Structures are given as structure tokens and as C-alpha cells.
A.B. asks: 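Take a look at the following structure, please.
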Amino acid sequence: MNVPYLARGVMPVSTDSSVLVSSSKYLNNPRLRDWLAMILLRKNGKDLPPPAEMHEFLQILSELRDFDAIEEQITAERKVNPQLDAWFNAGHISRYKIEDFAQYAPGSLGRIFYDQMTGGSYDIQIVPWSEPKTQLEFFNLRSGQTHDFEHILTGGGFNFMGELVPYWYRLTNVPRFIKDQHLASELNVINIFGSLRYQTRTALHYPEVWPVCTDCIQRGIAVGKQSDALFLAKIEDAFHLPLEEARAFLGVRGAVDVDTDNAGAFWAEREALVEA
């Protein structure tokens, strides 16, 4: 019997179940299957902005996660990872407001952030404030508080193509400084699902900016591989520093600033693509 090369090794599994059953909790979840198909295959439209996709995803993810097991993983990691343990022990949380950044000098990390936030329709807190009650909640809170600064520090523009830079910095940097790779995967699960939207939709529907997409991915990976654990840094200590000094102070290496505004607007179907 001639079996096509790509079909070799398939072993059908029998089951008495009347619904789809898999060894993957992700595949077993019908809401996630529907969400994933949508965000991978759809074109962009004003009726569903990309940030709204992640709002829905976070609700789905909360149904799938074993929060007790994650807490145990983090606790175990802290016993063998002094840097992570010290970060949790410090427990630093920022409560700054946007007007607090007006004091910083032009070109400083804080002022770049201020100019960006006041120049567009942005909130400085991605996830609504709530006092963290678990280690994972603290990790997610700090990730939300530092995300916009990671855009600036890693060279990712505040646009839909620029999002890939901090996404791939995290996907590369976090596993370097977390010993338990299953925990690193848990801490990065939002980033991998979030980044998939840009890669797949660009390739399928917006190939004109595919080179920009891959460049952003490569630049994020480069920063993640070369830099210190930026996700564990107290970025607030560098607000007053000029950008390059802030990068050096925080151990950020390999960052390149590239203007991706037009490509990001084209991807979102807001503007025509302007050739460089």
C-alpha cells in the first residue's frame, strides 16, 4: 500500500466520545478554536480592532489555566532563581499618572513616553488596576505597566507592526532567565497568541508589508537574545535618562529604532502604503 510521505505515521485513535477530544487543553476548548481561526484568517476591519481580540482571548485563557499549578511553578522557580525571587520580594508597583511624566527632559525615556501617550488615544494601564493577590497576578500587572516602555526600549513603534518587537523580545528573553521552561511558556502564552495575529494576517492579506513584519520579529529576537532580563528590571529608575543611556542602564542591547508607522497603518487598512 502506497502511503503519501506526508501522511505516514498517522495512527487513528478510537473513542466513545461524541465530541472532539484531544490531549491538548487548548484544542479541546471550542471558544479558543473559534477565536484562533478568526484571528489567524480574518482581514482587519473597524468593527473589531486588534486590541479587542486580546480582550476576548484573556477571558478564554482564564478558563484554561491551572492557576494553582502556576503558583506552585513560580514558587519552585524562586527557590532556584535568585533574580526572580528578589524581584518578587521587592514587589514594586507603579502608581504614576500621565501628568507625572511632563517633568522629564525631551529625549528622555519618561518624556518619550509622555509625548507618545498624550499624542494618541492611549491608556497608560493596559489592564484595569486591581491589587495583585497571587504571584501570577503580580507578574501580569508589572508586564502591563512596563509594556509601553518595552516598546520604546526595544525599538518597537507604537503601531501594529511595531507590536511585534516587544512581543518577540519577551518570547526570546523570558526563557533565557526562567529555568523551568514550562513556566516560561506559561508566562509567555499571551505573547505567542498575540503575535500570531500579525504574522499570519500579514502573510495572507497584507504581503506588501511582510518584509516589515519579519524585520520587526528579527529585531525583537535580537534584543531578547542580547539583553539582560528587562522584564525583571525596575524601569522607573531610568525614566529621567536619555533613551540610549536608559537602554544601557537597563541592559538593553541590540535595539534599533525603525519607523513602521506607515506599514502599521496600512496593515490596519487606515492608510495607503507609501514606498520608501
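Predicted, not measured: the structure shown is a model, and the values here were computed from it.
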A.B. asks: With rounding to the nearest 0.5 Å, note down the distance linking CD in Glu131 to CD1 in Ile93.
C.D. replies: 5.0 Å

A.B. asks: Answer whether the closest heavy-atom distance between the side chains of Gln199 and Leu164 falls below 4.5 Å.
C.D. replies: yes

A.B. asks: Quick one: do Asp148 and Phe158 satisfy side chain to side chain contact (heavy atoms under 4.5 Å, CB included)? Show the steps, please.
C.D. replies: CA-CA 8 Å; Asp148 288 331; Phe158 284 85; 3.6 Å; yes

A.B. asks: Please name the pair of heavy atoms, one in Pro207 and one in Ala203, separated by the smallest distance, quoted to 0.1 Å.
C.D. replies: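 Shortest heavy-atom contact: CB-O, 4.3 Å.
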
A.B. asks: With clusters defined by side-chain heavy atoms of hydrophobic residues (ILVMFWY) lying less than 4.5 Å apart, directly or transitively, does Trp210 cluster with Leu196?
C.D. replies: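 Not linked; separate clusters.
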
A.B. asks: Taking only residues at least two apart or on different chains, which pairs with a member in residues 168-180 satisfy salt bridge (Lys or Arg N to Asp or Glu O under 4.0 Å)?
C.D. replies: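 Sorted result for residues 168-180: Glu150-Arg170.
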
A.B. asks: For Asn44 and Arg270, does a side-chain donor sit closer than 3.5 Å to a side-chain acceptor?
C.D. replies: no

A.B. asks: Could you list the residues that satisfy side chain to side chain donor-acceptor pair (under 3.5 Å) with Gln59, not counting sequence neighbours?
C.D. replies: His55

A.B. asks: Locate the shortest heavy-atom distance separating Arg201 from Ile39; write the atom from each residue and the value.
C.D. replies: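 So the minimum-distance heavy-atom pair works out to NH1-O, 2.8 Å.
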
A.B. asks: Does a side-chain heavy-atom distance below 4.5 Å link Ile235 with Leu230?
C.D. replies: yes

A.B. asks: I'd like to check Phe149 versus Phe239 (side-chain heavy atoms, cut-off strictly below 4.5 Å). Are they in contact?
C.D. replies: yes

A.B. asks: Taking only Lys NZ, Arg NE, NH1 and NH2, and the carboxylate oxygens of Asp or Glu, determine whether Arg142 and Glu137 approach each other closer than 4.0 Å.
C.D. replies: no

A.B. asks: Can you tell if the side chain of Asn173 reaches within under 4.5 Å of the side chain of Val223, non-hydrogen atoms only?
C.D. replies: no

A.B. asks: Examine distances only and state if a side-chain atom of His205 and a backbone atom of Leu41 form a donor-acceptor pair shorter than 3.5 Å.
C.D. replies: yes

A.B. asks: Do Leu40 and Leu48 sit in the same hydrophobic cluster, where Ile, Leu, Val, Met, Phe, Trp and Tyr count as joined when their side-chain heavy atoms come under 4.5 Å apart?
C.D. replies: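 The answer is yes; both residues are in one hydrophobic cluster.
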
A.B. asks: Taking all heavy atoms of Ser22 and all of Asn28, pick out the closest pair and write down the distance.
C.D. replies: N-OD1, 2.7 Å

A.B. asks: Would you give the length of the straight line joining atom CE of Met54 to atom CD of Glu163, rounded to the nearest 0.5 angstrom?
C.D. replies: 9.5 Å

A.B. asks: Does Arg31 use its side chain to pair, donor to acceptor, with the backbone of Ile60 at less than 3.5 Å?
C.D. replies: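 Not at all, since once roles are kept as given, no pair shorter than 3.5 Å links the two residues.
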
A.B. asks: Can you classify the ring geometry of Phe113 versus Tyr96 as parallel (below 30°), tilted (30 to 60°) or perpendicular (above 60°)?
C.D. replies: perpendicular

A.B. asks: For Lys25 and Asp66: C-alpha separation, side-chain torsions, deciding distance, then whether salt bridge (charged side-chain N to carboxylate O under 4.0 Å, His left out) applies.
C.D. replies: CA-CA 11 Å; Lys25 65 181 180 181; Asp66 185 338; over 6 Å; no

A.B. asks: Compare every heavy atom of Ala184 with every heavy atom of Pro175, then report the nearest pair and how far apart it is.
C.D. replies: CA-CB, 3.9 Å

A.B. asks: Side-chain heavy atoms under 4.5 angstrom apart, residues restricted to Ile, Leu, Val, Met, Phe, Trp, Tyr: same cluster for Val252 and Val258?
C.D. replies: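 Not linked; separate clusters.
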
A.B. asks: Which atom names give the shortest non-hydrogen contact between Asn29 and Glu63, and what distance separates them?
C.D. replies: ND2-OE1, 3.8 Å

A.B. asks: Can Asn191 and Asn188 be said to form a side chain to side chain contact (heavy atoms under 4.5 Å, CB included), step by step?
C.D. replies: CA-CA 5 Å; Asn191 298 308; Asn188 262 337; 2.8 Å; yes

A.B. asks: Hey, is the main chain of Pro50 close enough, under 3.5 Å, to the side chain of Arg197 for a donor-acceptor pair?
C.D. replies: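 Yes, Arg197 side chain to Pro50 backbone: donor-acceptor pair under 3.5 Å.
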
A.B. asks: Measure the CE-CZ distance between Met38 and Arg33 for me, rounded to the nearest 0.5 Å.
C.D. replies: 15.0 Å

A.B. asks: So, taking the atom named CZ in Phe177 and the one named OG in Ser227, what distance separates them when rounded to the nearest 0.5 Å?
C.D. replies: 8.0 Å

A.B. asks: For a salt bridge (charged side-chain N to carboxylate O under 4.0 Å, His left out) check, start with the C-alpha distance between Glu186 and Arg65, then their side-chain angles and the critical distance, and finish with the verdict.
C.D. replies: CA-CA 9 Å; Glu186 279 286 359; Arg65 305 189 94 169; 3.0 Å; yes

A.B. asks: If hydrophobic clusters are built by linking Ile, Leu, Val, Met, Phe, Trp and Tyr wherever their side-chain heavy atoms come under 4.5 Å apart, do Met117 and Leu153 end up in the same one?
C.D. replies: yes

A.B. asks: Can you tell me which residue pairs pass the salt bridge (Lys or Arg N to Asp or Glu O under 4.0 Å) test with a partner in residues 98-112, sequence neighbours excluded?
C.D. replies: Arg111-Asp115

A.B. asks: Under 3.5 Å, side chain of Asn89 to main-chain N/O of Asp85, donor-acceptor pair present?
C.D. replies: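 Present.
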
A.B. asks: About how many Å separate OG of Ser62 and CG of Leu64, when rounded to the nearest 0.5 Å?
C.D. replies: 8.0 Å

A.B. asks: Could you tell me whether the side chain of Met161 reaches within less than 4.5 Å of the side chain of Thr202, counting heavy atoms only?
C.D. replies: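 Yes. Closest side-chain heavy atoms under 4.5 Å.
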
A.B. asks: Under a 4.0 Å threshold between the charged nitrogen and the carboxylate oxygen, would Arg219 count as salt-bridged to Asp257?
C.D. replies: no

A.B. asks: Please check if atom NZ in Lys225 has more than 12 non-hydrogen atoms from other residues, nucleotides or ligands closer than 6.0 Å.
C.D. replies: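 Open: at most 12 neighbouring heavy atoms sit under 6.0 Å from NZ of Lys225.
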
A.B. asks: Would you please test Phe231 and Thr146 for side chain to side chain contact (heavy atoms under 4.5 Å, CB included) and show each step?
C.D. replies: CA-CA 8 Å; Phe231 68 101; Thr146 62; over 6 Å; no

A.B. asks: Short question: side chain of Glu71, backbone of Leu136 - any donor-acceptor pair under 3.5 Å?
C.D. replies: yes

A.B. asks: According to the interplanar angle, ranging from 0 to 90°, do the rings of Phe193 and Phe57 count as parallel (below 30°), tilted (30 to 60°) or perpendicular (above 60°)?
C.D. replies: tilted

A.B. asks: Before giving the answer on side chain to side chain contact (heavy atoms under 4.5 Å, CB included), spell out for Gln218 and Trp168 the whole-Å C-alpha distance, their side-chain angles and the decisive distance to 0.1 Å.
C.D. replies: CA-CA 8 Å; Gln218 290 173 326; Trp168 279 95; over 6 Å; no

A.B. asks: So that I know where these two stand, are Trp87 and Phe138 an aromatic pair - ring centroids less than 6.0 Å apart?
C.D. replies: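 They qualify: ring centres under 6.0 Å apart.
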
A.B. asks: Quick check for you: to the nearest 0.5 Å, what is the distance between Thr260 atom OG1 and Trp267 atom CH2?
C.D. replies: 12.0 Å

A.B. asks: Given side chains that start at C-beta, do those of His151 and Gln116 come closer than 4.5 Å, heavy atoms only?
C.D. replies: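 Result no, sub-4.5 Å side-chain heavy-atom pair not found.
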
A.B. asks: Same cluster or not: are Val256 and Tyr167 linked, directly or through other Ile, Leu, Val, Met, Phe, Trp or Tyr residues, by side-chain heavy atoms under 4.5 angstrom apart?
C.D. replies: no

A.B. asks: I'd like to check Asn81 versus Gln83 (side-chain heavy atoms, cut-off strictly below 4.5 Å). Are they in contact?
C.D. replies: yes

A.B. asks: Within a reach of under 6.0 Å around NE2 of His182, are more than 12 heavy atoms found that belong to other residues, nucleotides or ligands?
C.D. replies: no

A.B. asks: Taking C-beta and beyond as the side chain, do Arg42 and Glu53 meet within less than 4.5 Å on heavy atoms?
C.D. replies: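 When only atoms from C-beta onward are counted, Glu53 and Arg42 do touch, with a gap below 4.5 Å.
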
A.B. asks: Looking at Gly155 and Ala255, what are the two nearest heavy atoms and their distance?
C.D. replies: N-CB, 4.5 Å

A.B. asks: What verdict does the side-chain hydrogen bond (donor to acceptor under 3.5 Å, both in side chains) test give for Tyr114 and Gln103, after you've listed the backbone C-alpha separation in whole Å, the side-chain angles of each residue and the deciding distance to 0.1 Å?
C.D. replies: CA-CA 9 Å; Tyr114 175 80; Gln103 63 179 303; over 6 Å; no

A.B. asks: Are Tyr104 and His240 an aromatic pair, judged by ring center distance below 6.0 Å?
C.D. replies: no

